[in-house]
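Only one structure is covered here, and it is reproduced in the block below.
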Number of protein chains: 4
Amino acid sequence: MTIINNNTPIYQQLADKISDDIVEKKLQSDEKVPSVREIAADYEVNANTAMKAIELLSSNGIIYNKRGMGYFVSNEADDIIRANKKKEFIENDLPKVIKTMHQLGISINEVEQEFNNYKN
Amino acid sequence: MTIINNNTPIYQQLADKISDDIVEKKLQSDEKVPSVREIAADYEVNANTAMKAIELLSSNGIIYNKRGMGYFVSNEADDIIRANKKKEFIENDLPKVIKTMHQLGISINEVEQEFNNYKN
Amino acid sequence: MTIINNNTPIYQQLADKISDDIVEKKLQSDEKVPSVREIAADYEVNANTAMKAIELLSSNGIIYNKRGMGYFVSNEADDIIRANKKKEFIENDLPKVIKTMHQLGISINEVEQEFNNYKN
Amino acid sequence: MTIINNNTPIYQQLADKISDDIVEKKLQSDEKVPSVREIAADYEVNANTAMKAIELLSSNGIIYNKRGMGYFVSNEADDIIRANKKKEFIENDLPKVIKTMHQLGISINEVEQEFNNYKN
DNA sequence: GTGGTCTAGACCACC
DNA sequence: GTGGTCTAGACCACA
């Protein structure tokens with residue numbers, strides 16, 4: 001991944017990236033998350049920005065802190081991430097998409113095609 | 001509609017609302033768009049914010065100005081709005097939705113249900 | 001209040017101070033909270049530090065944001081602050097105090113005296 | 001007891017635990033304090049952290065060192081611990097608790113109940 | 001005017 | 001080594 005300069009804050013993109021790594025099992029339960037300084041170096045961002053991403057994940061219960069040892073993936077991480085995404089999808093994305101489809105006369109079949117063609 | 005205090009700029013929400021009114025034929029071709037003052041009063045926003053929404057629609061060719069008389073829906077308004085929405089849908093919304101559906105294990109049927117249940 | 005240089009983070013002390021102002025009705029419901037820049041100037045701290053205090057209160061639902069206008073005291077602010085304090089008291093302070101009292105042989109009467117002598 | 005990952009430093013929690021053991025006579029005067037290695041193993045902490053707890057107790061005169069034999073509970077241990085705790089209680093805990101009780105409308109009776117129900 | 005993001009760099013306690 | 005706090009200063013979008 002590269003950090004793209006769109007309107008999404010960098011710290012948010014970093015948190016999303018780490019969440020993705022967890023969902024895709026690149027980071028397992030109780031595995032150590034890269035340190036703030038490592039993240040900052042890897043993505044060439046300031047340590048404070050990396051820290052903010054970590055704080056975001058921590059406050060959501062996705063990672064937990066062992067003092068002086070860094071952050072680790074919590075057991076419930078996967079569930080929390082999925083629940084958050086599902087909530088976001090149901091409440092925001094889906095209604096917006098449905099509305100747009102009706103307005104534009106897009107059929108469910110077109111979406112189904114895209115769905116079936118999807119490669120990760 | 002009420003103006004929500006989420007991440008979407010208020011002026012953008014206003015522009016979207018007016019666009020929707022045009023697509024839904026609540027505002028017809030060459031019909032007068034509510035004045036900046038009316039919009040500001042109706043939605044309880046700052047006049048500058050309402051003005052910014054009008055400017056956005058105007059710069060997109062969706063509305064046009066008659067000096068001293070206000071703004072009016074252009075003949076191509078519907079086409080422009082639909083084209084913009086379609087572009088947005090295809091390039092951003094759809095890929096994101098498809099990806100999320102796969103990640104969360106949401107089937108096309110669930111979306112179809114929402115689609116069929118849709119009331120404007 | 002002056003910001004004391006103990007081990008409590010400045011941003012936490014600032015948030016506590018604002019919470020106290022709310023409980024003591026110096027800040028009423030829907031009243032504007034001083035801006036980040038004002039707080040920073042008043043207490044002679046960096047704007048980022050003031051911002052962090054505001055974020056803390058906001059994430060707790062004690063204040064809410066009106067875009068471009070600043071932060072305002074939420075209606076439930078008082079309830080939330082009291083609930084948080086009560087939780088803190090019941091879960092942490094009280095058990096610790098009770099244990100210490102037993103260990104030191106301090107009677108409830110001594111505490112009662114202090115309680116009755118209390119001036120705000 | 002388990003070492004909790006709250007704001008209190010782990011070495012401090014360890015020192016408190018050993019102090020408690022002394023006050024509760026689980027460790028008697030001139031009795032040997034568990035070795036740094038034992039403490040580290042028992043509580044699953046780093047040896048350096050355990051060492052820091054020992055140093056803290058030692059510098060307070062609560063335990064003393066016999067070269068090559070380890071640390072032992074000093075005769076004055078109980079007095080020192082009690083004095084420290086009393087100071088802490090009077091200066092910090094009590095005023096804070098009294099203030100919180102008034103703010104939250106907690107009566108002395110509630111505290112008395114907890115006090116009477118206390119089991120070590 | 002308002003908040004919000006980001007950088008660079010310092011300093012600290014803790015493990 | 002780890003996180004965490006703080007400062008100074010910049011830049012931006014939004015109302």
Side-chain angles (χ1 to χ4, degrees), chain A residues 3 5-14 32-40 43-58 63-72, chain B residues 3 5-14 40 43-53 56, chain C residues 3 5-14 32-40 43-58 63-72, chain D residues 3 5-14 40 43-53 56:
Chain A
I3 297 297
N5 194 20
N6 60 14
N7 52 2
T8 312
I10 294 174
Y11 72 86
Q12 179 68 59
Q13 296 181 51
L14 289 173
K32 187 177 182 308
V33 174
S35 77
V36 167
R37 285 171 176 83
E38 281 173 328
I39 295 172
Y43 295 103
E44 297 179 327
V45 297
N46 187 275
N48 288 318
T49 304
M51 184 69 203
K52 205 161 174 177
I54 291 292
E55 273 174 353
L56 190 58
L57 294 168
S58 176
I63 59 178
Y64 65 92
N65 182 256
K66 286 193 201 172
R67 306 191 38 166
M69 304 179 63
Y71 280 87
F72 296 77
Chain B
I3 298 298
N5 204 38
N6 61 14
N7 290 333
T8 314
I10 293 176
Y11 77 88
Q12 181 67 259
Q13 296 180 52
L14 288 173
Y43 296 105
E44 297 177 329
V45 298
N46 189 290
N48 293 319
T49 306
M51 188 63 212
K52 203 159 175 177
L56 183 60
Chain C
I3 297 298
N5 193 22
N6 58 14
N7 52 3
T8 312
I10 294 176
Y11 72 85
Q12 180 69 61
Q13 296 181 52
L14 289 173
K32 187 177 181 307
V33 174
S35 78
V36 167
R37 285 170 176 84
E38 280 173 330
I39 295 172
Y43 294 104
E44 296 178 327
V45 297
N46 187 275
N48 289 319
T49 305
M51 184 69 203
K52 205 162 174 177
I54 290 293
E55 272 174 354
L56 189 58
L57 293 169
S58 176
I63 59 178
Y64 65 92
N65 181 256
K66 286 192 201 173
R67 305 190 39 166
M69 304 179 63
Y71 279 88
F72 296 78
Chain D
I3 297 298
N5 203 37
N6 61 15
N7 290 332
T8 312
I10 293 176
Y11 75 88
Q12 180 67 258
Q13 296 180 53
L14 289 173
Y43 296 105
E44 297 177 329
V45 297
N46 190 289
N48 293 318
T49 305
M51 188 61 212
K52 202 159 176 178
L56 182 60

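So that the names make sense, note that chain A is the first sequence line, chain B the second, and so on, each numbered from 1.
Straight-line distance from the CE atom of M69(C) to the P atom of dC14(F): 17 Å, rounded to whole Å. M51(C) places its CE atom 17 Å from the C1' atom of dA8(F), with the value rounded to the nearest Å. Between the CG atom of N46(C) and the C1' atom of dA8(E) there is a distance of 13 Å, rounded to whole Å. We find that CD of E55(A) is positioned 13 Å from P of dC6(E), with the value rounded to whole Å.
Pair assignment for dA13(E) gives dT2(F), based on Watson-Crick or G-U wobble hydrogen-bonding distances that are each under 3.5 Å.
Residue I54(A) is out of contact with every strand shown, counting any heavy-atom pair closer than 4.0 Å. At the heavy-atom level, K52(C) lies under 4.0 Å from the strands shown only through sugar-phosphate atoms.
Nearest-nucleotide positions on DNA chain E for T8(D) and G70(C) put G70(C) closer to the 5' end.
Taking 3.5 Å as the limit, the base of dA15(F) and the side chain of N48(B) contain no donor-acceptor pair of atoms between them. Taking 3.5 Å as the limit, the base of dG3(F) and the side chain of R37(A) contain a donor-acceptor pair of atoms between them.
Under 4.0 angstrom from either OP1 or OP2 of dC6(F) there lies no side-chain N or O belonging to Y11(C). Remark: T49(C) is in phosphate contact with dT7(F), judged by side-chain N or O atoms under 4.0 Å from OP1 or OP2. Contact check, Y71(A) against dG1(F): no side-chain N or O comes under 4.0 Å of OP1 or OP2. Side-chain nitrogen and oxygen atoms of R67(A) include none within less than 4.0 Å of the OP1 or OP2 phosphate oxygen of dC14(E). Regarding contacts with the backbone of dT2(F), a side-chain N or O of S35(A) is found under 4.0 angstrom from either OP1 or OP2.
To the nearest 0.5 Å, the span separating CD1 on I10(B) from CD on E44(B) amounts to 11.0 Å. In this structure, CG in L56(C) is found 9.0 Å from CD1 in I63(C), a value given to the nearest 0.5 Å. Note that OH of Y71(C) and CG of L57(C) are 10.0 Å apart. Values are rounded to the nearest 0.5 Å.
Residue I39(A) comes nearest to V45(A) through the heavy atom pair O-CG2, 4.5 Å, listed as atom of the first residue, atom of the second, then distance.
Set against dG4(F), dC14(F), dC6(E), the side chain of I10(A) has dC6(E) as its closest nucleotide.
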